[in-house]
Amino acid sequence: MATEGRTTVQLSLKNLYRLLTVKDYPVYSTGILRRKNKKGLTLVRFWDEYLSYEWRNTVHGRLIWRISGSRNRYHSEICNRRADFPLYEVYIQEVLDGLTAESFGKQLWLFEKFLTEREYDHSVFIIKLKEFLLEAEKEDPWLSKDCAKLLLSWVSDVEKNRKKLPERFQAGWLLTMLSLHAMAGDQMDTEKMRELRKRKDLAPELLWRKLEQEQEKRQPVFLTSRNSELCVAPLEGEHFFGREEELYDLKEMLENGGKFLLTGLGGIGKTELLRQLLIWCERERKARKIAVVQYTGSLSDSLNRSFFELKAADQEVRFHECLYRLSGKKTVLFLDNVDHTEEEDPGLLELKELSCTVFVSSRIKKLEGFRNFSVGTPRKSALGLIFRDNYERTLNMEERENLNQLLEKKLFQHPLTLRLLGKAAGARLWTLEELERELETAWAETAGDAGLQDMYRRLYQLSGATAAGEKLVRIFAILPYRKITRTFTKMFFQGFLKKGELLAEELGKLTGLGWLEDTGDGYRMHPVITESIRMKAPLEEEFLPFWERAEKCFFDGQPGAAEDPAMEELAWMIWNAVSSISGEVSDRLVGLGLKALFYMRSRYRAGEKLQSLIERCPELSDEHLFMVRSLQLEFMTEFGDYGKQFAFYMEKGLLSEEQLLNALTNYGQRLLASGKLTETETLVSEVFQWTDSLTFRVYGEFLLGQCCYYRAKFPAAIAVFEKAIWLILCRKSASRAEEENIRIQRAVDEGLGEFLGDILYMKGMTHLGIGERKEADQSLAVLEEVVKALGNPPTLLLCLEQLRGQAASCRGEAEEALTFMERHKRMVEEFAGKNHINYLAACGELGTAYNRVGNRKKALENQLLMREGLLKTAYDQGNTLSLADNNIGVTCIDDGRPEEAVIYLTEAYQLAEEKNLGEIACAEPAWNLARAYRLLGDEEKEKEFLTKALQGFRNNYAPEHPKRLAAEKREQELNEKRD
């Protein structure tokens, strides 16, 4: 059976899509969906968006539903239900192995969401589904009579149960069951599928009852941390005045669902309203999942900072992971203080596409896809209560009348203004008459946020804050809008106080005056107040005590963000302060900003601020300029500009050798990781022209050797590595007879020890790759001496463990090899994290080792981890990915699954050809493809790839090489068979 015919009715994913979207399939009708509700819907988009992530994220599901990279024919084949699709059995088995009532319910909910959003016609759905199954019973060779009869009975049951269960729930249940059968393909009537159809825990009535019971008792799950302004305790009822009607409206909006923008002047009460709504939502269990996000910089940055346990290394991938977690009509996102438009932050456009309910507070007046909810001025009586609540003095009748007159002016009909006025007047012991006198001479009324900011700036001058208090307010204004912990204030603010002044006392005074709010374990400043304080531009010299203390946070040996997450948070705070400074900045401040950035793993949006900083530094040192450019490499998509800058600084010798060497290593490894081998070789040749330094010569040779290695030119790579080792160990020796340990110690003393270790590691790995065990053991022995002489540096210990494991594996000492390699994998994870290229490589090598001992499950588990990580983090799409695919293919062949092997090996071969990775890089997957096609009985394909493999083997491998011998033997067998 080839691809299903045009008019044939068979149970496939494509036909389920057609059933929902095509009027005359399988019979003419008015349509399940109206025309307007089919807009933008395609077959690919439907299954990518509405098939459960759990079912798409199995080992083979990731392969089938992949949407990145080259065109994915398996996506098309499973949707069309092709007879030659190789993965039906293994894929449906993975899905069924993980199928629980909960996972079934998630898929049901996704279909229910689709039907609800697209306003489907339930009666038409039932009519067309009956006709579809009746036709499929006759025409579908994989749908048995018994199965079709049962499916039809389920459709009939929907009519019987329409009063007991919601129609959309039942429609979602039917689509979920039919999708499982469609994905099963030729496995539709196996024992496993028959068991699925009998499962009592998946019966609609039981499933509905279970979901309802769980919902009733379930407390909302918080998807995010609660380090947000919205999670500060809301005002108690006795201090919350005049917002009862607005809060009632918000509660109704939350229950009905949708997208809502709370808009109004800064300080008008938007955040407090959301706090009250949030606490009610949690207390009354009005949501299953809640996300609370403080908007800072961009939506992507804000979500990344708020959500728990994001897995991807790339910020954009993590951003979309956050959006996926927000799916669900019983999910509510509270997003506070959005201060960018969609033009400034295009990520905000994603909000209107979310299926959850969203509440956004902002001074922006419009957000696409959102219904506006304007938060205006409370009624006059409530305004009076706000002032009196903060004034904390009893007003007589005359003073109350004076207050009423004051509240006639629009400028004073503002909750935050009244709180500040009340606190300022109460702290200064002003009467209402004195307050009015100050107001008459202090400022003129101006509309909008600008008027508020100007008024607060003037009010601050009258507030009675001490000199120390003024400095503290200024430092709060350059820090991010969030809670500043008491610990942070103790570490960094003490330098602003004179002898005898107490920090807690000064902060308490500012809290009493209303400029800060005490959260219990810290302080925060309202963003409108922050903006009013910053109307006077913050200059570097104001904050010298802060910079001095901040500089002490960064020193050689300081644990990085991976070892000390608090350090990353601290660095983020310091970077925000540095990047908030206006006007000219010193080279010292640029240096502090750079140190902070190097401790931050997420530097995605630092590029523009960093550029602005150096443009305002008239005396920027060459050292810091080059450090900036090296760091900016992370924000660039092209290498051209950096290459020119590197060439200039290298050729002119403006910086120290240590700084230039660091730049070369970073740049060279970045080029290699991106598969830019030709550019790497050009870089090395230019470096050799610019300097005769031994250190640069050694590292240049190391880069050239790696280029040979990645092109699979292994003998050439070994020759280059040996040249680099000779430069380190033997250049000064009258004779090679000098004791090796003396030469190693000299290399260590000259600062070349780590380079030597890296080269020995790569040389040993290359020897192992072509079966030269004796030479590999020699490299290993020298590497052990180097590591010992250097005092066991962590990076080289990782290399040593890896090489030990590979060597033991090649010697046939399987258990010892696996011990070394498992230890190496754990060390890399601890040292670099799961997203690092070295961790992914460790997974791949461990997988190959497991395959050698026959543990295919563990082999594939590790090899697929490597492949998935490469695709997710986009380290490269060439040499490393081709190698990973080839090794997965070998494991599949050894496991007796040649049809799966062909999938991976074909991609490995195509990548090697497209990326021009060299003869061996093409020959290895070609040989394995020939082996796979031999197992599949396709002699023509086998001969095609055998010929390609032999060409590479004969040009690169010695006549006695095992693979060359095996390939030549098979060629002879095929020739004899033909004769």
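Qualifying side chain to side chain donor-acceptor pair (under 3.5 Å) partners for Ser361, counting only residues two or more places apart in sequence or in other chains: Asp336. Every residue two or more places apart in sequence or in another chain was checked for a ring-ring contact (aromatic ring centres under 6.0 Å, His included) with Phe370, and none qualifies. Taking the ring-ring contact (aromatic ring centres under 6.0 Å, His included) definition, one finds that Phe543 meets it with nothing, sequence neighbours left out. By the side chain to side chain donor-acceptor pair (under 3.5 Å) test, Glu282 pairs with Arg226, sequence neighbours left out. Residues passing the side-chain contact (heavy atoms from CB on, under 4.5 Å) test with Glu540, sequence neighbours excluded: Trp547, Ile581, Val585, Ser586, Leu589. Scanning for side-chain contact (heavy atoms from CB on, under 4.5 Å) contacts around Glu505 gives Leu502, Lys509, with sequence neighbours left out. With sequence neighbours excluded, no residue forms a side chain to side chain donor-acceptor pair (under 3.5 Å) with Asn372. With sequence neighbours excluded, the residues that form a salt bridge (Lys or Arg N to Asp or Glu O under 4.0 Å) with Glu542 are Arg474. A search for salt bridge (Lys or Arg N to Asp or Glu O under 4.0 Å) contacts involving Asp339 returns nothing, not counting sequence neighbours. For Phe492, the ring-ring contact (aromatic ring centres under 6.0 Å, His included) partners at least two apart in sequence or on another chain are Phe488, Phe546. For the side chain to side chain donor-acceptor pair (under 3.5 Å) test, residues two or more places apart in sequence or in another chain that qualify with Glu615 are Gln611. Under the rule for a ring-ring contact (aromatic ring centres under 6.0 Å, His included), Phe496 has no partner lying at least two apart in sequence or in another chain.
We find the SG-CE distance between Cys553 and Met491 to be 4.5 Å, quoted to the nearest 0.5 Å. Expressed to the nearest 0.5 Å, how far CE of Met573 lies from CG of Leu570 amounts to 8.0 Å. Residue Lys609 holds its NZ atom at 10.5 Å from CG of Leu613, rounded to the nearest 0.5 Å. Here the CD1 atom belonging to Ile574 is positioned 6.5 Å from the CE atom belonging to Met567, to the nearest 0.5 angstrom. Note: Asp587 CG to Ser621 OG = 3.5 Å, rounded to the nearest 0.5 Å. In this structure, CG on Leu497 lies 8.5 Å from NZ on Lys471, to the nearest 0.5 angstrom.
Closest approach of Leu278 to Phe222, counting heavy atoms only: CD1-CZ, 4.2 Å. Contact between Arg549 and Gln494 at its shortest, heavy atoms only, is NH2-CB, 3.7 Å. The two residues Thr489 and Arg486 come nearest to each other via the heavy atoms OG1-O, 2.6 Å. Considering every non-hydrogen atom in both Leu539 and Ser582, the closest pair reads CD2-O, 3.6 Å. Of all non-hydrogen atoms in Ala571 and Ala596, the two that sit nearest each other are CB-O, 3.4 Å. Minimum interatomic distance between Ser580 and Ile478 (heavy atoms only, all atoms of both residues): OG-O, 3.3 Å.
One N or O on the side chain of Arg616 and one on the backbone of Gly583 form a donor-acceptor pair closer than 3.5 Å. Between the side chain of Lys259 and the backbone N or O of Leu354 there is at least one donor-acceptor pair closer than 3.5 Å. Without hydrogens or angle criteria, Ser306 side chain to Leu303 main chain gives no donor-acceptor distance under 3.5 Å. The backbone N or O of Leu385 lies less than 3.5 Å from no partner atom in the side chain of Asp389, so there is not a single donor-acceptor pair. Without hydrogens or angle criteria, Thr485 side chain to Gly522 main chain gives no donor-acceptor distance under 3.5 Å. With hydrogens and angles disregarded, no donor-acceptor distance shorter than 3.5 Å links the side chain of Glu350 to the backbone of Gly347. With hydrogens and angles ignored, the 3.5 Å screen pairs a side-chain donor or acceptor of Lys270 with a backbone N or O of Gly264. A distance-only check finds no donor-acceptor pair linking the side chain of Glu506 to the backbone of Leu503 [under 3.5 Å]. Side chain of Thr224 to main chain of Val292: a donor-acceptor pair is present (N/O by atom type, distance under 3.5 Å, no hydrogens or angles). Panel note: side chain His340, backbone Ser298; no donor-acceptor pair is recorded below 3.5 Å.
For the pair Val221 and Arg288, the minimum side-chain heavy-atom distance is 4.5 Å or more. Two residues are said to be in side-chain contact when any heavy atoms from C-beta on lie closer than 4.5 Å; Leu247 and Leu273 meet this criterion. Looking only at side-chain heavy atoms (C-beta outward), Val473 and Met525 come within less than 4.5 Å of each other. Residues Phe260 and Leu254 are not in side-chain contact: their nearest non-hydrogen atoms beyond the backbone lie 4.5 Å or more apart. A heavy-atom distance below 4.5 Å is not found between the side chains of Leu516 and Ile484. A heavy-atom distance below 4.5 Å is found between the side chains of Arg388 and Arg400. In this structure, Phe373 and Thr263 have side chains that are not in contact, with every pair of non-hydrogen atoms separated by 4.5 Å or more. Side-chain contact between Thr296 and Trp572: present, with at least one pair of heavy atoms (C-beta onward) separated by less than 4.5 Å.
Counting non-hydrogen atoms of neighbouring residues, nucleotides and ligands closer than 6.0 angstrom, the CD atom of Glu619 reaches no more than 12 such neighbours.
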Can you list the steps and then say if Thr271 with Asn337 is a side-chain contact (heavy atoms from CB on, under 4.5 Å)?
CA-CA 8 Å; Thr271 298; Asn337 197 40; 5.5 Å; no
Query - Test side-chain contact (heavy atoms from CB on, under 4.5 Å) applied to Phe359 and Leu250, step by step - result: CA-CA 9 Å; Phe359 286 90; Leu250 290 175; 4.0 Å; yes
Practice prompt. Quick one: do Leu367 and Val338 satisfy side-chain contact (heavy atoms from CB on, under 4.5 Å)? Show the steps, please.
Written response: CA-CA 10 Å; Leu367 198 57; Val338 172; 5.6 Å; no
**Prompt:** Checking side-chain contact (heavy atoms from CB on, under 4.5 Å) for the pair Leu507/Phe476: CA distance, chi angles, key distance, verdict?
**Reply:** CA-CA 11 Å; Leu507 292 171; Phe476 269 95; 3.8 Å; yes
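One finds no salt bridge joining Lys595 and Glu551 here, because no Lys/Arg side-chain nitrogen approaches an Asp/Glu carboxylate oxygen to under 4.0 Å.
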